[in-house]
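Heads up, the thing below is written out as structure tokens.
A, B, ... follow the sequence lines: proteins, then strands. Residue 1 opens every chain.
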Amino acid sequence: MHSPPPPPPSPEPRAAQRLATDPDTVERDLVKLVLTVVELLRQLMERQAIHRVEGGDLTEDQEERVGLTLMLLHDRMEELCARYDLRLEDLNLDLGPLGTLLPPAS
Amino acid sequence: MTDTDTDTPTDTPTDTDIVYAYAVLRRTPEAARAVADLRGVAGEPIRLLEFADGTTDGTPGLAAAVGPVPAADFDEAPLKANLEDLSWLEATARAHHAVVAPLTGRGIALLPLRLVTVYRDEDRVRQALDARRDDFLPLLDRVTGHVELGVKIYAAPDSTPPEQKTDQETGQGTDQRTGQETAHGKRLGIGRAYLAGIRRRKRTAEDSWHAATRSASHITETAGALAADRVAHRPQSGDLAGPVPGPNVSNDAYLVPENSVDDFRTSVLAAAEKFPGVQVEVTGPWAPYSFALPPEPTP
């Protein structure tokens, strides 16, 4: 039964974040949400690929193809973000006490 | 902070006040004077409620700092709804803290109770707390003359913990591999070069995480030597606590003698300077929130 230390008075109280549903921004918000999910999958694939490479169970050709695919995906993500005036760092979801869906921008 | 130690009526709804208990302390004239100025979470006046008698050898008895709060907010059902309202919770936590902190500030030893510890009436407070008096007494003795300080240690922003902690734990020799591999990887194709880049970044991030955890354990040692006790809390993740300098490696609370607070702060910050890869934040002094709670009586 450990209660955390008292919260140090934070400068400004943060309102709970909600998914904005303003009609003017709904398309961009939706795109942002979709891209966030795609980015999550891309990062998971990347992690899996690194895992396989480090495990040494890929041939050089396979490594080359996997690497190239991941690189293209990454580039394509950046293009898509740019089209909607987003940055890759903008793609994230605040899960409150659980932290963020994606690790902080790398 | 979101614990709900509720003991609210379930049978008959009532519109009379509910009793909110803030802290357990010794029943001294000084404490009685100090609480008289305070206002609680509902703006209510605070008073001392005696629940355990003193001993014949002159030890003062125990009391709880309590205040009446409206049933409309603190009865079981509305409380449940309120607890899900982050801004209500935040305001209540601050108000709770505003009762406890001034008492600690005056050097009054106390055991803060959990946020939203409410009882149906004063008799219930007496009953519940008196049943735990044998827990409270030694804890009060322990915190007397002490305050709580928080020490949070952060790694550099780009540090990440390794995914599996096996041979990496030793944390040495990793630098060497970094440069080598790309060198002997004959004619890296563009795809493999991309992967190599990712791996290099990952390794660097892990190395700085290891450096940070090593530094953190040195700092923890320094801090521990100056404190009467330590409680390790779960490192914070997410940004509930606002912007942070990097991933939180450790989040500890220390029980520090009142007269060595400055010494503690200086020594810990000096240790933080000495060891690389970390940022350290010392907070407090706080009321001894982390050292106040005996194990709940298990049913």
Take atom [atom1] in [X]; do more than 12 heavy atoms of anything else shown fall under 6.0 Å from it?
| X | atom1 | value |
| --- | --- | --- |
| A:Leu44 | CG | yes |
| B:Arg39 | CZ | yes |
| A:Glu79 | CD | yes |

ask   = For A:Ile50, is it the side chain, the backbone, both, or neither that has a heavy atom closer than 4.5 Å to a heavy atom of chain B?
value =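 Contact with chain B is through the side chain of A:Ile50 alone.
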From A:Gln43 CD over to B:Ile198 CD1, what is the distance, rounded to the nearest 0.5 angstrom?
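Answer rounded to 0.5 Å: 10.0 Å.
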(message) Just verifying a value: how many Å separate A:Glu54 CD and B:Arg203 CZ, rounded to the nearest 0.5 Å?
(response)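 That separation rounds to 6.0 Å.
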**Prompt:** Most heavy-atom pairs under 4.5 angstrom with chain B, which of A:Arg65, A:Glu46, A:His74?
**Reply:**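 Ranked by contacts with chain B, first place is A:Glu46.
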**Asked** Does some side-chain heavy atom of B:Leu195 sit less than 4.5 Å from a side-chain heavy atom of A:Glu64?
**Response**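 Heavy-atom side-chain distance check fails, nothing below 4.5 Å.
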